[in-house]
Amino acid sequence: MYSFRTIAAAAVLLASIVVNAAVPAHHVRPGAVFVAKPAHFEPPEPGHSGPSGHRNHPVIALDHPNHEGWVPVAVVSHNHPEHMQQHVANAQHYDHHTHAEGGEVSTTGSQVALGHPTHVHIDDLHHVSHDSGLPRRLHPTDTHNLQHDVHHASGFTSNNERYRTPTPPWRHHE
């Protein structure tokens, strides 16, 4: 039989894989809140590859993933790199309706980079942890306000089609 130590190690390994599993494409919608490492932001920019580039930061999806799996996101941080600091807004500006439903976008001092939307591949997005205090998704009104402000600050507009999961075979009607 297997020792308790071997079974415990296998359980810890399996749990770490499940926690760090990539987000399924159908979970990515405008306003969804995830975490991602700045080192995975595209295009790569100065300040994304340093020590803070390997720590997860909250990001808010601005649209659905494109056909290659790239998701446009707005980055939330307390300390944006210099190239992202031109157009930022207090993150609490985008949690009025979300907060009314029991969630908060950030703690005091967090800012959303409006003038510099970036892209993260769906394989590099991860769900927020339950103890982070972050919502899984912004209220639709807060999402709309964020998309509007990003467009105003950067000119960015995206209209990726919604990812549709295939119909399971048992639901096909003949």
Side-chain angles (χ1 to χ4, degrees), residues 16-91 93-95 98 103-107 110-140 142-165:
S16 71
I17 291 171
V18 170
V19 167
N20 290 320
V23 173
H26 64 275
H27 285 195
V28 180
R29 296 179 285 223
V33 180
F34 300 103
V35 291
K37 291 178 175 38
H40 295 143
F41 293 173
E42 188 64 36
E45 296 277 349
H48 287 172
S49 59
S52 67
H54 300 290
R55 292 188 208 121
N56 281 331
H57 287 271
V59 295
I60 303 169
L62 297 171
D63 201 358
H64 304 281
N66 68 12
H67 66 281
E68 294 175 350
W70 290 98
V71 181
V73 298
V75 180
V76 181
S77 179
H78 279 84
N79 187 19
H80 289 288
E82 187 176 323
H83 68 278
M84 297 176 85
Q85 292 179 3
Q86 290 178 338
H87 298 284
V88 295
N90 188 333
H93 180 70
Y94 303 104
D95 76 351
T98 305
E104 279 189 53
V105 175
S106 68
T107 57
S110 290
Q111 296 180 323
V112 180
L114 303 175
H116 195 351
T118 189
H119 290 79
V120 178
H121 195 272
I122 194 164
D123 293 340
D124 297 319
L125 289 176
H126 302 282
H127 289 289
V128 295
S129 65
H130 296 291
D131 60 349
S132 70
L134 295 172
R136 294 203 175 259
R137 183 172 178 169
L138 299 184
H139 184 277
D142 293 333
T143 301
H144 174 74
N145 292 341
L146 174 62
Q147 289 171 322
H148 177 268
D149 290 352
V150 167
H151 175 71
H152 182 71
S154 67
F156 175 82
T157 302
S158 182
N159 57 356
N160 296 333
E161 290 185 26
R162 180 176 172 223
Y163 180 85
R164 304 235 182 244
T165 54

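Here, residue 1 is the first one in the sequence, and each next residue gets the next number.
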Rounded to the nearest 0.5 Å, how far apart are CG of Leu134 and CD1 of Ile60?
9.0 Å
Mind running side chain to side chain contact (heavy atoms under 4.5 Å, CB included) on Val33 and Val59 for me, showing each step along the way?
CA-CA 6 Å; Val33 180; Val59 295; over 6 Å; no
Shortest non-hydrogen contact between Glu42 and Thr118, atoms and distance
O-OG1, 2.9 Å
Applying side chain to side chain contact (heavy atoms under 4.5 Å, CB included) to Lys37 and Arg55, what does each step give before you reach the verdict?
CA-CA 5 Å; Lys37 291 178 175 38; Arg55 292 188 208 121; over 6 Å; no
Hey, what's the ring geometry for His144 with His148, parallel, tilted or perpendicular (30° and 60° as the breaks)?
tilted
What pair of heavy atoms forms the shortest contact from Pro30 to Leu62, and how long is it?
CB-O, 3.8 Å
Please name the pair of heavy atoms, one in Ala61 and one in Val73, separated by the smallest distance, quoted to 0.1 Å.
CA-CG1, 4.1 Å
Hey, what do you get for NE2 (His151) to OG1 (Thr157), rounding to the nearest 0.5 Å?
4.0 Å
Hey, does His87 have a side-chain heavy atom less than 4.5 Å from the side chain of Ser154?
no
So, for Val120 and Ala36, which heavy atoms are closest and what is the spacing to 0.1 Å?
CG1-CB, 4.0 Å
Which atom pair, heavy atoms only, marks the closest approach of Asp63 to Ser158?
OD2-OG, 2.7 Å
How long is the straight-line distance from OH of Tyr94 back to CG of Leu138, given to the nearest 0.5 Å?
10.5 Å
Quick one: pull up CG in Asn56 and CG in Leu125 and give me the separation to the nearest 0.5 Å.
10.0 Å
Check side-chain contact (heavy atoms from CB on, under 4.5 Å) between Asn66 and all other residues, then give those that pass, not counting sequence neighbours.
Glu68, Trp70, Asn160
Nearest heavy-atom approach of Val71 to Pro65 is CG2-CB, 3.8 Å
What pairs with His93 under side-chain contact (heavy atoms from CB on, under 4.5 Å), at least two apart in sequence or on another chain?
His96, Asp149
Distance, nearest 0.5 Å, that separates CG of Asp124 from NE2 of His119:
14.0 Å
Given side chain to side chain contact (heavy atoms under 4.5 Å, CB included), test Leu114 with Leu146 step by step and report yes or no.
CA-CA 8 Å; Leu114 303 175; Leu146 174 62; 3.7 Å; yes
Measuring from atom CZ of Arg137 to atom CZ of Phe34, what distance do you get when rounded to the nearest 0.5 angstrom?
9.5 Å
Asn159 meets the side chain to side chain donor-acceptor pair (under 3.5 Å) criterion, sequence neighbours left out, with none
Working note: Val150 + Gln147, criterion side chain to side chain contact (heavy atoms under 4.5 Å, CB included); need CA distance, chi angles, decisive distance, verdict.
CA-CA 5 Å; Val150 167; Gln147 289 171 322; 5.8 Å; no
Taking the six-membered ring for Trp and the single ring otherwise, decide whether the centroids of His127 and His27 are under 6.0 Å apart.
yes
Mind checking whether His64 and Arg29 have side chains closer than 4.5 Å, heavy atoms only?
yes
